[in-house]
Amino acid sequence: MPELPEVQTVINSIKKELINSKIIRCELFWKNIIYNCNNNDFIQFIENKVINDIYRKGKYIIYELNQGFMVCHLRMTGTLFITKDKRNKNHIQACFTIKSSPNIYLSFKDIRKFGGFYYFEDIRNLYKKIGTDPFDKIFTESWLLKNIKKQQRMIKHLLLDQKFICGLGNIYVDESLWSSMIHPETLSHNINRKKIKALYKSIIIILEDSIKHNGTTIKDFEFNQFDNMKTGTYKNRLKVYNRDKRKCKRCFNIIIKIRVASRGTHICLSCQKK
DNA sequence: AGGCGTTCCTGGGGGC
DNA sequence: TGCCCCCAGGAACGCC
């Protein structure tokens, strides 16, 4: 599932082609693809607009247009790629023509159809719904200390909450908690300062390292099939995620998989004590 | 306040 | 080989 590093990798691979391009045409192939308005209105909002910039906040990809903002969320299986040929690819749910003669398209592929787009006239309407991005200036050690202590929630649940920190998902929460030796079911206000500091460092280091390696490519999110996409190799550097029944890289005990916050959760019980 | 179940979807895996 | 069932999960929402 695309999380912050995978979203950044997608942006890095399409940005150059899109900046200063006009969305000449928008075709939508799935009725529920637009989250906050109907498909025809969305097309009216974005067609013939120029893309001034493209960046992300958490897992949201933001296209800054000369008027308004087009926003994309990849959810579980979505991906975006630049192509010269919009035909004969399965699961294409949207196609944006960004150059003509010869044609260049931005395609949105999504097998499970959970992903989609928003249009915002004012981007603050998105920002007020989500929390702090780990690369925002305000995300500091003291911010994390203060805000983790404020709540009494299972730490995994809290870290997955996009209204708290936006960008982390199941993979990087499991990795960060293993790295900082915190059991995912620990109530947030009970975690000591030393471990919260370790958690802060883990989150930043793991995300930076994953971005450097173009993210994690697993089953559901194989975007290496397109010319302009790099294969994420962070999969080879994962310490716990998807490594149940294998040995912990720190203590050599067996990693197990449990359920926390209704999510598959990978832990080393010897490293991550309650 | 915080946790949990449901919904949206489809490919793939397990069981028989 | 084939068929059916069930499951994974990000985010929104309702309920307790």
Side-chain angles (χ1 to χ4, degrees), chain A residues 1-10 28-39 56-62 71-80 89-94 108-118 120 125-134 146-177 183-191 207 215-225 235 238 240-245 256-266 274:
Chain A
M1 60 297 310
E3 304 179 29
L4 190 154
E6 291 74 35
V7 169
Q8 188 62 54
T9 300
V10 167
L28 304 175
F29 306 116
W30 172 239
K31 61 184 171 69
N32 294 332
I33 197 169
I34 309 300
Y35 295 116
N36 68 339
C37 63
N38 71 52
N39 287 13
R56 55 152 204 88
K57 168 105 172 169
K59 305 173 199 169
Y60 293 83
I61 299 170
I62 301 167
V71 174
C72 177
H73 199 301
L74 304 172
R75 296 285 183 102
M76 299 300 298
T77 54
T79 191
L80 291 156
K89 289 250 172 40
N90 293 326
H91 310 298
I92 301 296
Q93 314 298 354
F108 175 67
K109 172 179 169 167
D110 189 9
I111 294 170
R112 291 192 202 162
K113 298 175 175 171
F114 280 9
F117 295 81
Y118 305 77
F120 291 104
N125 290 328
L126 169 68
Y127 289 172
K128 69 188 180 190
K129 292 195 301 181
I130 54 182
T132 308
D133 186 281
K146 187 177 77 182
N147 288 287
I148 278 187
K149 288 285 184 187
K150 255 193 221 169
Q151 302 190 51
Q152 309 187 24
R153 297 171 62 185
M154 283 189 292
I155 187 64
K156 172 148 185 174
H157 207 346
L158 183 58
L159 294 177
L160 284 172
D161 185 349
Q162 304 297 301
K163 288 186 179 66
F164 180 58
I165 296 173
C166 62
L168 297 178
N170 213 25
I171 299 174
Y172 297 103
V173 167
D174 278 10
E175 290 295 308
S176 300
L177 290 174
H183 191 289
E185 288 173 330
T186 314
L187 293 179
S188 54
H189 67 293
N190 289 334
I191 304 174
L207 292 178
T216 304
T217 307
I218 3 187
K219 276 188 219 162
D220 280 344
F221 189 59
E222 287 175 356
F223 55 77
N224 54 330
Q225 54 194 298
K235 178 173 65 175
L238 293 173
V240 276
Y241 186 83
N242 249 359
R243 293 195 70 251
D244 45 307
K245 297 179 186 141
I256 59 163
K257 184 173 180 181
I258 60 172
R259 283 192 84 75
V260 181
S262 313
R263 296 283 179 276
T265 300
H266 311 78
K274 269 197 195 181

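A quick note: this is a predicted structure, and the numbers were derived from the prediction, not measured. Proteins get letters first, then strands, A, B, ... in listed order; numbering begins at 1 in each. All values below come from the heavy atoms of this structure, side chains included, with hydrogens, waters and symmetry mates left out.
A:Cys166 approaches A:Gly131 most closely through the heavy-atom pair SG-O, 3.5 Å.
Of the side-chain N and O atoms in A:Gln151, one or more sit less than 4.0 angstrom from OP1 or OP2 of B:dG2. Side-chain N/O atoms of A:His91 include one lying less than 4.0 angstrom from OP1 or OP2 on B:dG11. A:Lys163 has no side-chain polar atom (N or O) that falls below the 4.0 Å cut-off from OP1 or OP2 of C:dA11.
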- Assess whether side-chain contact (heavy atoms from CB on, under 4.5 Å) is satisfied between A:Leu160 and A:Leu168, documenting all intermediate values. CA-CA 6 Å; A:Leu160 284 172; A:Leu168 297 178; 5.8 Å; no

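A salt bridge is absent between A:Asp174 and A:Arg263: the closest approach of a Lys/Arg side-chain nitrogen to an acidic carboxylate oxygen does not fall below 4.0 angstrom. Here A:Asp161 pairs with A:Arg153 in a salt bridge; the nearest charged N to carboxylate O distance falls below 4.0 Å.
Regarding A:Phe164, its CZ atom lies at a distance of 17 Å from the P atom of C:dA12, rounded to whole Å. Rounded to whole angstrom, the span from the CG atom of A:Leu4 across to the P atom of C:dA11 amounts to 11 Å. The NZ atom of A:Lys257 sits 11 Å away from the C1' atom of C:dG9 (whole-angstrom rounding). Here B:dC9 presents its C1' atom at 16 Å from NE2 of A:His73, a figure rounded to the nearest Å. Atom-to-atom, CG of A:Leu159 to P of B:dG2 comes out at 14 Å; the value is rounded to the nearest Å. Remark: P of C:dA11 and CZ of A:Phe117 are 16 Å apart, rounded to the nearest angstrom. If you take NZ of A:Lys57 and P of C:dA11, they are 14 Å apart, rounded to a whole angstrom. As a whole-Å value, the separation of A:Ile258 CD1 from C:dA8 C1' is 17 Å.
Counted by atom type alone, A:Tyr241 and A:Thr216 present zero donor-acceptor pairs between their side chains at under 3.5 Å. Side-chain atoms of A:Lys156 and A:Asn170 form a donor-acceptor pair, as typed in the model, at a separation below 3.5 Å. A:Tyr172 and A:Glu6 share a donor-acceptor pair across their side chains, judged by distance under 3.5 Å alone.
In this model, no side-chain donor or acceptor of A:Arg263 finds a partner on the base of C:dA8 within 3.5 Å.
Over its full length, the helix from B:dG2-C:dC16 to B:dC16-C:dG2 turns its helical axis through 60°, comparing axes from the five pairs at each end and rounding to 10°.
Among C:dG10, C:dA12, C:dG9, the nucleotide with an atom closest to any side-chain atom of A:Arg112 is C:dG9.
The closest side-chain heavy-atom distance from A:Phe108 to A:Ile33 is below 4.5 Å. Between A:Lys163 and A:Lys129 there is no side-chain heavy-atom pair separated by less than 4.5 Å. Residues A:Thr186 and A:Met154 have side chains not in contact (no heavy-atom distance under 4.5 Å, counting atoms from C-beta outward).
Using a 4.0 Å heavy-atom distance criterion, A:Gly264 is classed as a sugar-phosphate-only contact. Residue-level contact check: A:Tyr60 touches the backbone only, with heavy atoms under 4.0 Å from sugar-phosphate atoms and none from bases.
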Any protein N or O atoms within reach of nucleotides 3-8 of chain B? Criterion: under 3.5 Å, listing atom names and distances.
residue : atom : partner  : partner atom : Å
B:dG3   : OP1  : A:Met154 : N            : 3.3

